[in-house]
Amino acid sequence: MTDPSSVRCDVWLWAVRVYKTRSAATTAIRGGHVRVNGDPVKAAHAVKVGDEVRARINGFDKILKVEKLLLKRVGAPIAATAYADLTPPPPPREFYAPIVHRDRGSGRPTKRERREIDRLTGRDSRDND
C-alpha cells in the first residue's frame with residue numbers, strides 16, 4: 001500500500017492520539033478548537049506533511065507539526081514519531097491564581113469578605129472604578 005499524500009484532519013488527530021476517539025476529534029473541529037496553518041478547518045480538511053495543527057485541549061493550545069501521515073490508530077511510541085511537538089512549556093505555577101476554599105456551610109461571603117478575597121486574588125475592586 002502506498003503512502004497517502006494527505007489524510008483527513010479528524011483521522012490524523014485520532015491516529016496520533018491527540019483525541020481518544022475520532023468522534024471526539026470531529027466534535028473539537030466543529031467547535032472551532034482545531035486550526036491548520038492558522039485557519040479554522042472542517043473535519044474532512046486534508047492534512048499534509050509540514051502542516052501546523054493547533055488543537056485546544058483543556059484551555060491550552062497544543063501545537064503539532066505533521067511529520068508523518070497515519071490512517072489508523074497506532075501505539076503511542078509510533079504515534080509520537082508522526083509529529084513534532086512545538087507547544088511552548090506551560091507557565092509556572094506562581095502565575096496561577098490561588099483557589100479560595102470556604103468552609104462548608106458558612107454561606108455566601110459578606111461584602112467585606114468578598115473584598116478581602118478580591119484583594120488576595122489580585123482583583124482589587126478599587127482598580128475597576
Side-chain angles (χ1 to χ4, degrees):
M1 185 172 162
T2 61
D3 288 333
S5 60
S6 64
V7 177
R8 285 177 57 111
C9 186
D10 61 342
V11 171
W12 187 81
L13 287 169
W14 165 72
V16 297
R17 297 174 170 262
V18 174
Y19 293 100
K20 285 187 176 185
T21 63
R22 185 171 164 196
S23 62
T26 303
T27 303
I29 292 170
R30 282 189 191 141
H33 299 288
V34 177
R35 293 177 174 264
V36 176
N37 296 326
D39 299 323
V41 294
K42 292 187 175 182
H45 180 79
V47 175
K48 300 174 202 71
V49 173
D51 284 349
E52 180 186 272
V53 179
R54 285 181 178 254
R56 182 165 282 270
I57 302 168
N58 297 330
F60 295 100
D61 281 348
K62 189 169 190 173
I63 305 168
L64 308 172
K65 183 179 178 193
V66 179
E67 299 284 328
K68 192 188 321 180
L69 299 175
L70 299 174
L71 291 170
K72 302 230 182 225
R73 193 167 171 98
V74 293
I78 298 169
T81 64
Y83 61 86
D85 194 357
L86 306 176
T87 308
R93 295 283 298 170
E94 60 195 33
F95 291 119
Y96 292 116
I99 298 172
V100 179
H101 294 284
R102 292 187 48 81
D103 294 332
R104 187 172 174 90
S106 63
R108 292 176 51 182
T110 63
K111 195 172 197 177
R112 181 183 203 176
E113 291 171 336
R114 184 186 51 81
R115 287 182 183 146
E116 290 173 0
I117 291 169
D118 287 345
R119 278 191 213 105
L120 284 173
T121 58
R123 298 180 303 193
D124 194 354
S125 60
R126 288 181 281 174
D127 294 341
N128 297 334
D129 294 340

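For this chain, numbers begin at 1 and follow the sequence in order.
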What closest approach, in Å, do [X] and [Y] show between heavy atoms, and which atom pair accounts for it?
| X | Y | result |
| --- | --- | --- |
| Ala79 | Leu70 | CA-CD1, 4.4 Å |
| Val47 | Leu69 | O-CD2, 3.5 Å |
| Pro4 | Val7 | CG-CG2, 4.1 Å |
| Trp12 | Val53 | CZ3-CG2, 4.2 Å |

Which pairs, with at least one residue in residues 44-60 and sequence neighbours excluded, count as a salt bridge (charged side-chain N to carboxylate O under 4.0 Å, His left out)? Glu52-Arg54, Arg54-Asp61, Arg56-Asp61

Selection residues 26-35 - residue pairs positive for salt bridge (charged side-chain N to carboxylate O under 4.0 Å, His left out), sequence neighbours left out: none

Any donor-acceptor pair under 3.5 Å linking the side chain of Arg17 with the backbone of Val74? yes

Approximate separation, where rounding is to 0.5 Å, of Arg114 CZ and Arg108 CZ: 10.0 Å

For Asp85, side-chain hydrogen bond (donor to acceptor under 3.5 Å, both in side chains) partners two or more places apart: Thr87

Hits for side-chain hydrogen bond (donor to acceptor under 3.5 Å, both in side chains) against Thr21, two or more places apart or cross-chain, chain-then-number order -> Ser23

Side chain to side chain contact (heavy atoms under 4.5 Å, CB included) with [X]: which residues, sequence neighbours excluded?
| X | result |
| --- | --- |
| Ala25 | Asp10, Leu13, Tyr19 |
| Lys42 | none |
| Ala84 | Lys65, Glu67 |
| Arg112 | Thr110, Glu116 |

So side chain to side chain donor-acceptor pair (under 3.5 Å) across residues 72-81, not counting sequence neighbours, yields Lys68-Thr81

Would Leu86 end up clustered with Val18 when hydrophobic side chains under 4.5 Å apart are linked, directly or stepwise? no

Would you say Ile29 and Ile63 are hydrophobically clustered, going by side-chain heavy atoms of ILVMFWY under 4.5 Å? no

